[in-house]
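Take a look at the structure below.
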Amino acid sequence: MNVLMIAAKEIHQAIRNRWVLAATLLLAGLALSLTFLGSAPTGNVGVRTLDVVIVSLSSLTIFLVPLIALLISHDAIVGEMERGTMLLLLSYPVARWQVLLGKFLGHLSVLAFATCLGYGLAVGALAATGGQIDTDSLLAFVAMIGSSVLLGAAFVAIGYLISALVRDRGTAAGICIGLWLLLVLIYDMALLGVLALDQGRNISAAALNAMLLSNPTDAYRLINLTGFANVSTFAGMAGLAQSTSLTVPVLLIALLCWTLVPLGLAALAFSRREL
C-alpha cells in the first residue's frame, strides 16, 4: 500500500509539473512526423508501411526515451534530500526501499503512458489514412512499444542509482547527460571502430555478443531491428539477425537485468545514506 501511495504521489506531481503532457506531446509529434514523412515512398518500393514506422520509431526511441527517463529520475533522491522533503517523507512509517520502489513505479508509469499514447496515436493516424497494417507488422509494433517501455525502465533505474550516489542535483544532471552521450552515441561509434579495425581476427562472436549486451540501447536495437524478419530485412540488418546468437528472450532478459541491477544498487546506496 505504501508503495502504491508513493507511486500515485509521483504521478500526480508529474501531471502537475506538466511532465506527462510534455513527454506525450513530444513523442506523439515526432512519431507522427516520422510516420507520414517516412512512409510516403513505401507504395513504390513494396515495403509495408508499418515496418517503416517501426524502424523509424525504434531509432527515435534510442535517442529520446533514455533522455526523458534520465531527466525525470536524476533528482528523485538527491533532489528530495536537498529540498528537505525526503526527511518529511521518511518520518512516516515507510521503509526506504518502499520509497524507492514507489517512485520508480510512478516515474515508469508516466514514461509508459507517454510512450504508448504517443506512438499509438501515430499508428492510429496511419490506419485512419489507409496505411497497410498486417498481423506480423502489428506484432512487431507491439513488441517495439513494450521494449521501449523496458528501455525506459532501465534508464530510470540508472538515473536512480546516480541520484542515490551523488550529493547535489547539478552533479546528478551532469553525470546523467554524460552517461546518455556515452551509451547512446559514443559507445556504438567506438564499437564500430573497433570492429572495423579488427576485421574479425580477434573479436569472437561471444565477445561481440557480450559487448552488445553491455549497452541497453544495443539490446533494444537488436530486439526491434533483428527480432522480426520483415523488419530486419527492411532495416538492412538481416545479416546480423542471422549471424548473432542473441535471441529475443535473451535480449529481453538483458534489458530486465539493466533495470533490476541498478535499481537494487540504488536501494542499497539509499539505505546507507545519511539524511
Side-chain angles (χ1 to χ4, degrees), residues 3-39 50 53-77 79 100-128 138 140-163 172-173 176-177 179-180 183-184 216-217 219-221 223-224 252 255-256 258-259 262-263:
V3 172
L4 295 179
M5 290 178 61
I6 294 172
K9 167 185 167 295
E10 292 298 323
I11 294 172
H12 180 266
Q13 184 174 347
I15 294 173
R16 186 180 61 188
N17 293 339
R18 309 279 171 79
W19 263 113
V20 177
L21 179 61
T24 303
L25 290 178
L26 178 61
L27 291 174
L30 292 174
L32 284 169
S33 300
L34 289 174
T35 297
F36 290 108
L37 293 177
S39 62
L50 190 54
V53 174
I54 292 170
V55 173
S56 300
L57 292 184
S58 297
S59 300
L60 171 68
T61 299
I62 289 170
F63 288 95
L64 201 55
V65 168
L67 182 60
I68 295 174
L70 290 173
L71 286 176
I72 65 176
S73 64
H74 77 277
D75 66 341
I77 296 174
L100 189 73
L101 183 57
K103 284 178 166 291
F104 175 78
L105 293 178
H107 285 144
L108 182 58
S109 298
V110 169
L111 189 60
F113 176 82
T115 303
C116 293
L117 183 58
Y119 288 177
L121 286 175
V123 173
L126 182 65
L138 188 60
F141 177 76
V142 172
M144 187 270 294
I145 289 184
S147 59
S148 297
V149 174
L150 191 54
L151 177 66
F155 276 89
V156 169
I158 292 171
Y160 275 39
L161 176 58
I162 294 171
S163 186
C176 283
I177 294 299
L179 190 62
W180 177 80
L183 295 178
V184 174
T217 62
Y220 172 84
R221 181 182 286 110
I223 290 172
N224 292 287
L252 289 174
L255 278 180
L256 188 62
W258 268 104
T259 302
L263 192 62

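In this chain, residues are counted from 1 in sequence order.
Note that CG of L70 and OG of S163 are 11.0 Å apart. Values are rounded to the nearest 0.5 Å. Residue L4 holds its CG atom at 14.5 Å from NZ of K9, rounded to the nearest 0.5 Å. Between the OG1 atom of T259 and the OH atom of Y160 there is a distance of 12.5 Å, given to the nearest 0.5 Å.
Closest non-hydrogen pair, W180 versus F63, comes out as NE1-O, 3.0 Å. The heavy-atom pair separating P66 from L151 by the smallest distance is CG-CD2, 4.1 Å. Shown here for L150 and L256, the closest heavy-atom pair between the two residues is CD2-N, 4.3 Å.
In this structure, the side chains of I54 and S58 come closer than 4.5 Å at one or more pairs of heavy atoms. Put simply, the side chain of V184 does not reach to within 4.5 Å of the side chain of L67, judged on heavy atoms. The shortest distance between side-chain heavy atoms of S73 and F155 does not fall below 4.5 Å. Residues N224 and L57 have side chains not in contact (no heavy-atom distance under 4.5 Å, counting atoms from C-beta outward).
Applying the side chain to side chain contact (heavy atoms under 4.5 Å, CB included) test to L64 and every residue at least two apart in sequence or in another chain returns L26, L27, L30, L60, I68. Applying the side chain to side chain donor-acceptor pair (under 3.5 Å) criterion to S148, with sequence neighbours excluded, gives Y220. Applying the ring pair (Phe, Tyr, Trp, His ring centres under 6.0 Å) rule to F141 yields no partners; only residues at least two apart in sequence or on another chain are considered. The ring pair (Phe, Tyr, Trp, His ring centres under 6.0 Å) check on H74 picks up nothing, with sequence neighbours excluded.
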Quiz item: side chain to side chain contact (heavy atoms under 4.5 Å, CB included) between L255 and I223: does it pass, once the steps are laid out?
Solution: CA-CA 10 Å; L255 278 180; I223 290 172; 3.8 Å; yes

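Annotation: salt bridge (charged side-chain N to carboxylate O under 4.0 Å, His left out) contacts involving residues 103-114, sequence neighbours excluded, comprise E10-K103, E80-K103.
At distances below 3.5 Å, at least one donor-acceptor pair connects side-chain atoms of T217 with backbone N or O atoms of L183.
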Ignoring hydrogens and angles, write down the donor-acceptor pairs under 3.5 Å from the side chains of residues 108-127, residues two or more places apart or on other chains.
from: S109; atom 1: OG; to: L105; atom 2: O; distance (Å): 2.7
from: T115; atom 1: OG1; to: L111; atom 2: O; distance (Å): 2.8
from: Y119; atom 1: OH; to: T61; atom 2: OG1; distance (Å): 2.6

